[in-house]
A.B. asks: 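If you scroll down you'll find the structure; I have some questions about it.
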Amino acid sequence: MVKKNTEGLKKYHWKNNRPPKNLLTASYLKELGLKAVKPVGVIQVGISQLYNVRLYDINRVDSVEAEKGTILEEARLISNYIIDLQDYINQWDYDSAYNESVESAKKIVKNKEEFVILGMKTTTLNTKNEIVELAITDLDGNTFINTLVRPSSNAQDILEGKPTFAQVYPKIMEITKHKHICVYNRQLNFTILKRTVHKYGFPQLNYSSGICIMLMHNEYCNKWDNTNKCWENQSFNGGYQALEDCLATERLVKKMAESEYRTPPDAYYQLNKTGTQAKTATTLMGMVKEIFPQLKE
C-alpha cells in the first residue's frame, strides 16, 4: 500500500485519538448522498503506521458537497445520529445483559409448563460430596418431590430410614422428562448430580437444556467484576432446605420476568424517523433491535 501525502493534515487513530463526529471518510459520506471534496485529516488503519484514510469535514462547504437530491443539513443530522448510535453500541454491555436476563425470565414464565426448578443440599459445598436433600417444583410453587436423601457414606441418625439416591432417582427422571431444569447454580449442582448418577449407573438427565438462574440474576443485577471479568455473583436468599431454594429461585425468576426492558437510546428513534437507507444506519439499527426485545414486537 502506498503511503498518501498527509502533509498539513491532522492525524487520528480509532483507538488512541479518535476523530470528532464531523470528520468522516469518503465511503461514509457516499452512503449519506454526499461528495468528498477536500480532506482535512487522515486516520491510521492497521498497524502499518500508514495514514491512508482521508477524512472530510461535513460542516465545511469546501470539504463536503451534497450530491443531487441530497439536503446537506439533513445528511449532517443523520450522520450525528449514526455516530451517537455507534458510540452507544461500543458500550452497550450493561443494557444487553440486563435485557437478555429479563427476556429469558419472561420466556420461562410464559412457557412455565416446560420448566421445573431443582434444589439440592449436599454434605458440604463441594462437588465431591453427596446429596442429602433434594426438591423439585414447578413455576407455581407446586412440589413434585421434597425428600431427604440417605448418602452411602453417612449413617447419621437423622437420615436413617430415608430413601437412598438410587430409590429417588427414578422419580427424578419421570418428573424432569421433556422439561428444562432451572437451578440456581447450574455448574455446581449439575456436576454433583452427574457424578452421583454415574456412581449408581443410571442414565443421565438432559443437562444441556438446563437454565442457570444464578447467571441470569448476575446479569440482571448488572454489577461488573473487573478482576474476574464477569458479572458479580449475587447473594442467594435461599434457605436451609432444598425446597426453600426452589421457592427462592422461583421468586427470582418472577421478579426478573416482571421487570421492564431498558429503553433504547434516543439516537435509534431519531434515526428511524429520518427513514434513511444508509447501509451503516440500517446495520446499526438492526444491532440495537437485537438487544431490545420491545423493538421486535
Side-chain angles (χ1 to χ4, degrees), residues 93 96-122 125-147 149 151 164-221 225 228-234 236 238 242-243 245-257 290-291 293 296:
D93 290 349
S96 177
Y98 175 86
N99 282 350
E100 183 178 352
S101 65
V102 172
E103 183 179 26
S104 296
K106 288 181 184 293
K107 288 180 178 178
I108 291 173
V109 172
K110 181 180 180 180
N111 304 288
K112 60 184 180 181
E113 68 281 353
E114 300 177 9
F115 297 84
V116 292
I117 301 173
L118 169 69
M120 295 192 325
K121 295 297 183 182
T122 60
L125 286 177
N126 186 303
T127 56
K128 294 183 179 181
N129 284 283
E130 296 191 69
I131 299 169
V132 294
E133 189 175 15
L134 189 144
I136 299 176
T137 67
D138 63 12
L139 268 293
D140 289 321
N142 298 311
T143 304
F144 297 123
I145 185 171
N146 179 29
T147 181
V149 179
T164 63
F165 184 82
Q167 293 171 315
V168 172
Y169 191 66
K171 188 173 182 180
I172 296 173
M173 292 182 66
E174 179 185 349
I175 295 168
T176 60
K177 187 177 181 181
H178 306 309
K179 302 285 187 180
H180 302 286
I181 303 172
C182 296
V183 60
Y184 187 73
N185 187 330
R186 171 178 164 164
Q187 183 176 0
L188 175 63
N189 285 280
F190 279 7
T191 299
I192 296 171
L193 194 54
K194 285 180 184 178
R195 183 179 53 79
T196 306
V197 171
H198 177 74
K199 174 182 176 181
Y200 286 95
F202 288 119
Q204 296 285 355
L205 301 178
N206 180 18
Y207 302 106
S208 62
S209 64
I211 311 295
C212 185
I213 305 304
M214 180 183 75
L215 294 182
M216 281 176 56
H217 189 230
N218 291 348
E219 291 181 343
Y220 176 84
C221 291
D225 182 343
N228 296 306
K229 304 302 178 185
C230 64
W231 300 107
E232 283 185 11
N233 285 330
Q234 303 300 308
F236 178 54
L243 180 59
D245 285 353
C246 288
L247 298 177
T249 300
E250 177 198 337
R251 289 192 294 271
L252 273 182
V253 172
K254 289 182 175 178
K255 173 187 174 182
M256 292 186 283
E290 286 301 309
I291 72 159
K296 305 174 191 177

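Keep in mind that this is a model prediction, so the values were computed, not measured.
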A.B. asks: Would you please name every residue forming a side chain to side chain donor-acceptor pair (under 3.5 Å) with Y207, sequence neighbours left out?
C.D. replies: Q204
A.B. asks: Mind checking salt bridge (Lys or Arg N to Asp or Glu O under 4.0 Å) for K112 and listing every partner two or more places apart, or none if nothing turns up?
C.D. replies: D140
A.B. asks: Donor-acceptor pair, distance only, cut-off 3.5 Å: does the side chain of D225 make one with the backbone of N228?
C.D. replies: yes
A.B. asks: Who are the side chain to side chain contact (heavy atoms under 4.5 Å, CB included) partners of K296, not counting sequence neighbours?
C.D. replies: E103, E290
A.B. asks: Name all residues meeting the side chain to side chain donor-acceptor pair (under 3.5 Å) criterion together with N146; count only those two or more places apart in sequence or in a different chain, and write none if there are none.
C.D. replies: none
A.B. asks: Output all residues satisfying side chain to side chain contact (heavy atoms under 4.5 Å, CB included) with L215, sequence neighbours left out; order by chain, then residue number.
C.D. replies: C212, N218
A.B. asks: List for me each residue that meets salt bridge (Lys or Arg N to Asp or Glu O under 4.0 Å) alongside K121, sequence neighbours excluded, and say none if there are none.
C.D. replies: D245
A.B. asks: With sequence neighbours excluded, tell me which residues meet ring-ring contact (aromatic ring centres under 6.0 Å, His included) with Y200.
C.D. replies: F165
A.B. asks: Name all residues meeting the salt bridge (Lys or Arg N to Asp or Glu O under 4.0 Å) criterion together with K194; count only those two or more places apart in sequence or in a different chain, and write none if there are none.
C.D. replies: none
A.B. asks: Can you list everything that forms a side chain to side chain donor-acceptor pair (under 3.5 Å) with Y169? Sequence neighbours excluded, please.
C.D. replies: none
A.B. asks: Taking only residues two or more places apart in sequence, or in another chain, which ones meet E133 in a salt bridge (Lys or Arg N to Asp or Glu O under 4.0 Å)?
C.D. replies: none
A.B. asks: K254: what forms a side chain to side chain donor-acceptor pair (under 3.5 Å) with it, not counting sequence neighbours?
C.D. replies: E250
